[in-house]
A.B. asks: 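Handing you a structure now.
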Amino acid sequence: MLNIPSLPTMDEKTLEKAIKEAVDVNRHYLDEFTDDFKYSHSESNFYAKSENVEWTTGFWTGELWLSYELSGDDAFRNAALRQVHSFAERIKNRVDVEHHDMGFLYSPSCVAAYKLTGSEEGKSAALAAADNLISRFQEKGQFLQAWGRNGDRNEHRLIIDCLLNLPLLFWATETTGDDKYRTIAEKHLSTAIRYVLRPDNSTYHTYYFDPDTGEALRGVTAQGNRNGSAWARGQAWGVYGAALAYRYTKSEISLDVFRRALSFFLSHLPADVIPYWDFDFDNPSTEPRDSSALAIVICGMLEASNYVEKDEKDKLEDQAKRLLRALYEKCAVHDPSVSDGLLLHGTYARKSEWNTCNNRGVDECNLWGDYYYLEALRRCKGKWEMYW
Ligand code: GLY
């Protein structure tokens, strides 16, 4: 059984080493991935080039911003700003934006650009993305439709991942003074919290509603092992998403969801800390891990530590740093010849008897794992104005 207090912590020396290694990998591959983006996940630990499509490219631009913050190297800033232009073109031309992942795409790229450099192009692109996201709000059921053509009756569902898209809406209200973004974010949040969290503190990945009446119908998995299981990354989105929701709403319910989802996640980690891709799998198992889920949860713990009383804060920070050290020791890339990513042993999607996935990015790097690992390192360096 995992005993977190017995793990070594992320001390200052190891933190500096981890940051240097990560920034060096990103610098090494910067020219290759400035005008081209990285594909969502690696093959044999190296990323193919990609156009600015899918829900994942914002993480690479976010890594460039984090690398810029951590190193002061203008090469990262300049590359990130070029990519911000690509994001502005993407939303203007509506390239692969018929889905809810506007926050994943536009917070770490364009909101970050605005916060770090005052980029007006970043600001207006992020606001356009927020407008696109609120257009997916469904009155019947009171949620943001995740996937498919807006209003498609067969896709009348929310997914837990969307909690990470809500900060874009809260930021849009803060930036414009227009309450419409926040109002929709709060409605979605309240629906999501009500239905995705189960009594045992595990979570559903997706939840369907009746398109005619809005009645809540059923929880169904898309990427988990089965409908009733806890997909590790879904649980992680719940943890970090609830912490971010508290940041913007200060509602005790969000903090309660954070604590409950976290307690399930931590109590289902295997002895070597790196979660299997679904918590159906116990320790030991031959099933693959999803390192990205742990990186996401560490960020959520460090975010929530800003809002709680001292005892809980100290505990969250202490646990987060020990988990981050384990992630570093077991999954981090230390040398650019090994990989052009930062975090090994992620799983994008794993086929099971009960889900509709094909195996994709199994035991590979993925862009969000790399990003959240670097965000966690940045958070450990001290006060951070987050991109979310
Ligand atoms: N948001 C999609 C995923 O986590 O795979």
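Counting starts at 1 for both ligands and their atoms, following the listed order. Numbers here simply count residues along the sequence, with the first being 1.
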A.B. asks: May I ask you to decide if the ring planes of F59 and Y371 are parallel, tilted or perpendicular, using 30° and 60° as cut-offs?
C.D. replies: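 Tilted.
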
A.B. asks: Among pairs that include at least one residue of residues 143-153, which meet side-chain hydrogen bond (donor to acceptor under 3.5 Å, both in side chains), considering only residues two or more places apart or in two chains?
C.D. replies: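 Residue pairs with at least one partner in residues 143-153: Q138-Q145, Q138-N150, R153-D212.
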
A.B. asks: Report the hydrophobic cluster partners of V220, with the cluster defined as I, L, V, M, F, W, Y residues connected by side-chain heavy atoms closer than 4.5 angstrom, directly or transitively.
C.D. replies: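 Noted: V220 shares its cluster with Y208, L217.
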
A.B. asks: Does a donor on one side chain sit under 3.5 Å from an acceptor on the other, for E69 and W384?
C.D. replies: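 Yes, a side-chain donor-acceptor pair sits under 3.5 Å.
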
A.B. asks: Between F209 and Y195 (judged by ring centroids, cut-off 6.0 Å), do the two rings come close enough to count as a pair?
C.D. replies: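 They qualify: ring centres under 6.0 Å apart.
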
A.B. asks: Applying ring pair (Phe, Tyr, Trp, His ring centres under 6.0 Å) as the test, list every pair that has at least one member in residues 268-287; sequence neighbours left out.
C.D. replies: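 Qualifying pairs, neighbours excluded: F264-H268, F264-F279, F265-F279, H268-F279, W277-F281.
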
A.B. asks: Could you list each nitrogen or oxygen of ligand 1 that sits under 3.5 Å from a protein nitrogen or oxygen, with the atom names and the distance?
C.D. replies:
unit_1   : atom_1 : unit_2 : atom_2 : d
ligand 1 : 1 (N)  : D161   : OD2    : 2.7
ligand 1 : 4 (O)  : R233   : NE     : 2.8
ligand 1 : 4 (O)  : R233   : NH2    : 3.3
ligand 1 : 4 (O)  : W237   : NE1    : 3.0
ligand 1 : 5 (O)  : Q223   : NE2    : 2.9
ligand 1 : 5 (O)  : R233   : NH2    : 2.5

